Amino acid sequence: MDTAPYLFVAANTGAVLAALLAAQTISPGRERWHMALVAISSYGIIANVTILILGLSGLLTPYHATATTILIALAFLTIRQLGSRKGSATPSAQRLPPRSDNDRLRSLALSLLAGAFGLQLMHAAFDATVLKWDDLSYHAAVTAQWLVDERISIPPSTYQAYYPFSSELLSLWFMLPFGDDAYASLAALYWLLLASTAIFGIIRSTGGSASTALLIAAVFLASPRVTELSRNFSSNDLAGASLILAAIAVGIPAASHRGRQLCLAWSGLLIGMAAGSKVTFVLPGSVVFAWLMLRSPRMAASVRPWGSLVLILAPAMLIGGYWYLRNWALTGNPIFPAEIGPL
């Protein structure tokens with residue numbers, strides 16, 4: 001009996017349940033868009049961490065992936081139950097009041113957003129992934145090698161294997177149960193969902209109306225350049241931009257001290273994933289990092305600067321630092337094969 005479909009459903013069900021529980025733990029009492037964004041980002045983080053840990057352990061199989069996501073879901077369920085015994089969630093902080101909205105305008109904007117996302121869904125479901133030269137030389141080639149070897153390694157056939165591969169890990173997540181790239185394009189759909197939710201949240205948190213937020217998210221999804229990037233294997237350029245947007249939106253502060261800490265830590269995870277997707281996203285990630293640090297005194301007087309630094313930087317290094325630490329250990333240059341001065 002072919003178990004691949006069952007493993008695919010089981011692994012993703014475990015990841016989705018874990019993501020929903022993570023959102024209830026990290027974003028209690030927040031706006032609905034914030035909880036949705038944390039849940040969506042949690043799914044990618046869980047898939048990324050699962051593949052990375054199993055790949056480095058030489059246990060990169062669909063059975064281990066399914067078991068790991070179930071364990072993560074149980075861990076978040078335990079944390080959630082323990083947290084619920086300590087009291088109810090604190091309401092979110094007061095922000096700019098959203099502008100009044102017209103029901104017809106909001107319905108029109110929602111229809112445009114649904115249509116734009118529907119077109120992207122059709123591309124992901126029925127169009128073949130466009131494999132360009134860089135996909136065939138390293139994006140897809142290295143990922144396929146890991147799939148065969150059941151571990152993360154550095155194939156000797158291409159120097160690009162030293163690049164950071166966080167976005168490729170999500171493609172590998174969808175490839176793992178079936179052993180082929182039939183569902184790899186779902187990764188691009190995920191990045192589009194993450195980015196559009198983050199755009200909506202940023203606009204709403206600054207006082208924009210729902211119709212404005214929906215319309216801008218629809219324009220983003222309908223962009224020809226975005227569509228082009230989403231057709232590539234792993235879509236690492238789209239992934240990095242989506243993660244940076246999500247880091248900004250998640251970093252919008254909560255009212256409670258604990259909520260502020262979790263917002264900082266979750267933004268750090270997203271910045272780390274962006275930097276782990278492509279080295280060029282280290283720069284915008286650093287800008288968001290500085291923005292979060294400058295905002296942290298206003299977010300909580302009890303969160304000291306050094307505490308904010310650790311809360312953001314430690315998660316970022318944990319999820320995105322492996323690729324750079326590996327290169328540093330092997331070549332003495334964290335961004336090999338690129339160069340930094342004499343390195």
Side-chain angles (χ1 to χ4, degrees), residues 41 44-45 47-49 51-53 55-56 131-146 152-173 184 187-188 190-191 194-195 198 225-226 228-230 232-248 251 267-293 309 312-343:
S41 63
I45 290 170
N48 186 287
V49 170
I51 295 295
L52 184 61
I53 291 175
L56 295 177
L131 296 177
K132 298 183 178 180
W133 73 267
D134 51 349
D135 298 315
L136 295 173
S137 59
Y138 62 99
H139 287 304
V142 173
T143 306
Q145 189 65 53
W146 294 347
I152 291 176
S153 59
I154 302 179
S157 57
T158 174
Y159 70 87
Q160 290 101 334
Y162 287 91
Y163 287 176
F165 270 77
S166 286
S167 60
E168 286 82 356
L169 294 184
L170 186 62
S171 297
L172 183 54
W173 166 262
Y190 169 81
W191 300 126
L194 180 67
R225 180 57 177 163
V226 169
E228 179 185 354
L229 292 174
S230 68
N232 298 336
F233 184 89
S234 79
S235 306
N236 63 331
D237 292 294
L238 178 61
S242 301
L243 289 162
I244 292 296
L245 285 170
I248 295 171
S267 290
L269 286 172
L270 294 166
I271 292 171
M273 277 189 68
S277 296
K278 195 171 185 178
V279 67
T280 51
F281 285 106
V282 172
L283 180 58
S286 300
V287 173
V288 176
F289 171 79
W291 175 74
L292 291 170
M293 287 294 296
L309 178 68
I312 303 170
L313 193 57
M317 290 298 297
L318 284 173
I319 198 167
Y322 162 74
W323 314 105
Y324 300 98
L325 294 174
R326 177 200 64 181
N327 290 355
W328 195 1
L330 294 177
T331 69
N333 177 4
I335 62 169
F336 180 85
E339 297 179 353
I340 304 179
L343 294 178

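The structure presented is a predicted model; accordingly, all values stated were derived computationally and were not measured.
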>> Would N327 and I335 count as a side chain to side chain contact (heavy atoms under 4.5 Å, CB included) here? Give the steps.
In response: CA-CA 7 Å; N327 290 355; I335 62 169; over 6 Å; no

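- Applying the salt bridge (Lys or Arg N to Asp or Glu O under 4.0 Å) rule to pairs touching residues 233-248 yields D237-K278, sequence neighbours excluded.
- Residue M293 holds its CE atom at 12.5 Å from OG of S286, rounded to the nearest 0.5 Å.
- Rounded to the nearest 0.5 Å, atoms NZ (K132) and OG (S137) are 12.5 Å apart.
- Between I271 and F281, every side-chain heavy-atom pair lies at or beyond the 4.5 Å cut-off.
- Between N232 and H139 there is no side-chain heavy-atom pair separated by less than 4.5 Å.
- The ring pair (Phe, Tyr, Trp, His ring centres under 6.0 Å) check on F289 picks up nothing, with sequence neighbours excluded.
- Using modelled atom types, one side-chain atom of S235 and one backbone atom of L229 make a donor-acceptor pair closer than 3.5 Å.
- Residues meeting the ring pair (Phe, Tyr, Trp, His ring centres under 6.0 Å) test with W146, sequence neighbours left out: F165.
- A search for ring pair (Phe, Tyr, Trp, His ring centres under 6.0 Å) contacts involving Y322 returns nothing, not counting sequence neighbours.
- Of all heavy-atom pairs spanning I152 and I51, the tightest one is CD1-O, 4.0 Å.
- Not a single ring pair (Phe, Tyr, Trp, His ring centres under 6.0 Å) links F233 to another residue, sequence neighbours left out.
- Side-chain atoms of S230 and W191, non-hydrogen and from C-beta on, never get closer than 4.5 Å to each other.
- In this structure, A47 and L170 approach most closely via the heavy-atom pair CB-CD1, 3.8 Å.
- Summarising the geometry of S41 relative to Y190, their closest heavy-atom pair is CA-OH, 3.4 Å, with the distance given to 0.1 Å.
- Note that the CD1 atom of I312 and the CG atom of L269 stand 11.0 Å from one another [nearest 0.5 Å].
- Legend: residues meeting side-chain contact (heavy atoms from CB on, under 4.5 Å) with V287, ordered by chain and number and at least two apart, are absent.
- Note that CD1 of I248 and CG of L292 are 8.5 Å apart. Values are rounded to the nearest 0.5 Å.
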> Can you list the steps and then say if I45 with L270 is a side chain to side chain contact (heavy atoms under 4.5 Å, CB included)?
Replying inline: CA-CA 8 Å; I45 290 170; L270 294 166; 4.1 Å; yes

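- The minimum heavy-atom distance linking A239 with S277 is given by the pair CB-OG, 4.3 Å.
- For S166 against W323, the heavy-atom pair with the smallest separation is OG-NE1, 3.1 Å.
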>> Let's go through V142 and Y163 carefully: what are the C-alpha distance in whole Å and the side-chain angles of both, what is the deciding distance for side chain to side chain contact (heavy atoms under 4.5 Å, CB included) to 0.1 Å, and is it a yes or a no?
In response: CA-CA 10 Å; V142 173; Y163 287 176; over 6 Å; no

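- Between W133 and L136 the shortest side-chain heavy-atom distance does not fall below 4.5 Å.
- A donor-acceptor pair is defined here as one N or O able to donate and one able to accept, closer than 3.5 Å; such a pair exists between the side chain of R326 and the backbone of Y162.
- Contact detail for I154 and L330: the closest heavy-atom pair is CD1-CD1, 3.5 Å.
- Expressed to the nearest 0.5 Å, how far CG of D134 lies from OG1 of T158 amounts to 10.5 Å.
- Here the CD-CG distance, from E168 to N48, works out to 10.5 Å after rounding to the nearest 0.5 Å.
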